[in-house]
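What follows is a short report on a single structure.
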There are 2 protein chains.
Amino acid sequence: MAWELKSDRPIYTQLTEQIELMIFSGVYPLGSKLPSVRDMAQEAAVNPNTMQKALVKLEEDSLIITHRTSGRTITEDARIVEMAKTKLAQKQILAFLEKMQLMGFEQKEIISIINTMVEEMQK
Amino acid sequence: MAWELKSDRPIYTQLTEQIELMIFSGVYPLGSKLPSVRDMAQEAAVNPNTMQKALVKLEEDSLIITHRTSGRTITEDARIVEMAKTKLAQKQILAFLEKMQLMGFEQKEIISIINTMVEEMQK
DNA sequence: ATTATTGTATTAAGTGCTTAATACAATAAT
DNA sequence: ATTATTGTATTAAGCACTTAATACAATAAT
């Protein structure tokens, strides 16, 4: 895993987001076991407390389940993951479109730019 | 102006971004005068020091020009604004597409979702 | 000439984030 | 039975961000 941690906002927030993405994309499959807090912290070159803080949010969202002495696992419930994924996607798209509109781009313009960039990414 | 200031990242960063958007969209036209630091700070319900900090970044990017005792103005150079706008747009799009891909969406899927949402926004 | 306004700088205080160093209880592993 | 591993909690320190309260020099406005 390539952790991308910038200093322009809290690290634990970024960790939460990136772990969430790994759950959505199946890097951590349903029901699979997460590494220990200490191991994940070391992997991300971060203090255990910070990683702990990052994981709490995912528990609140029921994406992961904590077993006091045997670690954490990803939820077995596919619906929970799917719903969270859809919710995040819509949030992303909305935020993106709003920002582009604030910049002064027309809607048709936005779509055409995206089409162009997607084509470029496929190369 | 409706300032949207959240507590999940530095306020001065958010101010910089939002003022930049106002320049891009023409809320502050080329060559126009910005309100004083104190006035802008009050408008955004923020400390003058924080607004000051937000403006420094825009000066570094040559989007605004500071006149020591008569305030600040937007650059007269349309190219500077246009280039910054294009640069930000590409950055936004790239970040968006990357995140959607990390979530596991296919490229065709992304385009179709966007088309749907843009149509909805037009209503 | 006087006053008001401009950007800028400084200091002190409070807050949240991050790290480091520990420690504890529960339980899995041996 | 003993040891190792688990999540969790605490304390102290350093740091950046934010606010509040001032202050200053330059110059625009009167």
Side-chain angles (χ1 to χ4, degrees), chain A residues 1-20 22-23 28-29 31-76, chain B residues 1-20 22-23 28-29 31-76:
Chain A
M1 169 65 194
W3 297 95
E4 276 205 21
L5 302 175
K6 302 180 180 176
S7 60
D8 62 346
R9 59 205 184 96
I11 293 177
Y12 79 93
T13 303
Q14 301 178 56
L15 292 173
T16 299
E17 291 173 359
Q18 290 177 34
I19 297 169
E20 194 178 31
M22 292 193 278
I23 296 175
Y28 291 125
S32 66
K33 194 171 182 312
L34 275 180
S36 74
V37 178
R38 291 171 177 81
D39 286 354
M40 291 188 75
Q42 190 172 22
E43 235 279 308
V46 142
N47 191 277
N49 297 330
T50 306
M51 182 58 75
Q52 163 81 13
K53 203 169 178 180
L55 293 171
V56 168
K57 173 64 163 40
L58 299 175
E59 293 177 39
E60 290 171 359
D61 293 346
S62 301
L63 286 173
I64 65 183
I65 295 165
T66 300
H67 312 96
R68 193 72 168 67
T69 58
S70 60
R72 293 180 164 92
T73 55
I74 310 297
T75 178
E76 309 256 5
Chain B
M1 168 68 193
W3 297 95
E4 274 204 22
L5 302 176
K6 301 180 181 176
S7 60
D8 62 346
R9 60 205 183 96
I11 293 177
Y12 79 93
T13 303
Q14 302 177 56
L15 291 173
T16 300
E17 292 172 359
Q18 290 176 33
I19 297 169
E20 194 177 33
M22 292 193 279
I23 297 174
Y28 291 124
S32 66
K33 195 171 180 313
L34 274 179
S36 74
V37 178
R38 290 170 179 82
D39 286 353
M40 291 188 75
Q42 191 172 20
E43 235 278 308
V46 143
N47 191 278
N49 296 330
T50 306
M51 181 58 76
Q52 164 82 10
K53 204 169 178 181
L55 293 170
V56 168
K57 173 65 163 40
L58 297 175
E59 293 177 40
E60 290 172 359
D61 293 345
S62 300
L63 285 173
I64 63 182
I65 295 164
T66 300
H67 313 95
R68 192 70 168 70
T69 58
S70 59
R72 293 180 164 91
T73 54
I74 309 297
T75 179
E76 309 255 6

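We name chains A, B, ... by the order of the sequence lines, and we start the count at 1 in each one.
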Closest non-hydrogen atoms of A:Ile64 and A:Leu55, given as atom of the first, atom of the second and distance, are CD1-O, 3.7 Å

Note to self: I want to check something: taking the side chain as every heavy atom from C-beta on, are A:Glu59 and A:Arg72 in contact at a cut-off of under 4.5 Å?
What the structure shows: yes

Pairs: protein N or O with nucleotides 25-30 of chain D N or O, under 3.5 Å:
unit_1, atom_1, unit_2, atom_2, d
D:dT27, O4', B:Thr69, OG1, 2.9

Separation between CG (B:Asp39) and CG (B:Leu34), nearest 0.5 Å, reads 11.0 Å

Between CE of B:Met40 and P of C:dT8 the distance, given in whole Å, is 13 Å

Is A:Ser7 close enough to D:dA16 that one of its side-chain N or O atoms is under 4.0 Å from OP1 or OP2 there? no

Taking the basic N atoms (NZ, or NE/NH1/NH2) and the acidic carboxylate oxygens, is any pair closer than 4.0 Å for A:Glu20 and A:Lys57? no

- Task: Check whether any side-chain N or O of B:Lys53 sits under 4.0 Å from OP1 or OP2 of D:dC17, and answer yes or no.
- Result: yes

Between its two end axes (five pairs each) the helix from C:dA1-D:dT30 to C:dT30-D:dA1 turns, nearest 10 degrees, through 20°

B:His67 atom NE2 is separated from C:dG7 atom C1', nearest whole Å, by 12 Å

Note to self: So does A:Ala54 get a backbone contact from the side chain of A:Thr16, meaning a donor-acceptor N/O pair under 3.5 Å?
What the structure shows: yes

Rounded to whole Å, CD of A:Gln52 lies from C1' of D:dA9 at a distance of 9 Å

From CG of B:Asn49 across to P of D:dA21 the rounded distance in Å is 12 Å

- prompt: Does B:Ser36 put a side-chain nitrogen or oxygen below 4.0 Å from OP1 or OP2 of C:dT6?
  reply: yes

Any side-chain heavy atom of A:Ile19 within less than 4.5 Å of one from A:Met40?
yes

B:Gln42 CD to D:dA21 P, in whole Å, measures 14 Å

From the candidates D:dA20, C:dT19, D:dG7, the one with an atom nearest any side-chain atom of B:Asn47 is D:dA20

note: A:Glu59, atom CD; D:dG7, atom P; distance rounded to Å ~ 10 Å

Any donor-acceptor pair under 3.5 Å between the side chain of A:Arg38 and the base of D:dG7? yes

Separation of D:dC17 atom P from A:Ile11 atom CD1, nearest Å, is 13 Å

Ignoring hydrogens and geometry, is there a side-chain-to-backbone donor-acceptor pair from B:Gln14 to B:Lys6 under 3.5 Å?
-> yes

The answer to which of B:Pro10 and A:Val37 contacts DNA chain D further toward the 5' end, by nearest nucleotide, is A:Val37

Rounded to whole Å, CE of A:Met51 lies from P of C:dC17 at a distance of 16 Å

- prompt: Any side-chain heavy-atom pair from A:Thr13 and B:Asp8 closer than 4.5 angstrom?
  reply: no

A:Trp3 backbone acceptor or donor facing A:Gln18 side chain under 3.5 Å: no

For A:Asp61 and A:Leu63, indicate whether the former's side chain and the latter's backbone hold a donor-acceptor pair under 3.5 Å.
no

Under 4.0 Å: is that the gap between some side-chain N or O of A:Tyr12 and OP1 or OP2 of C:dT18? no

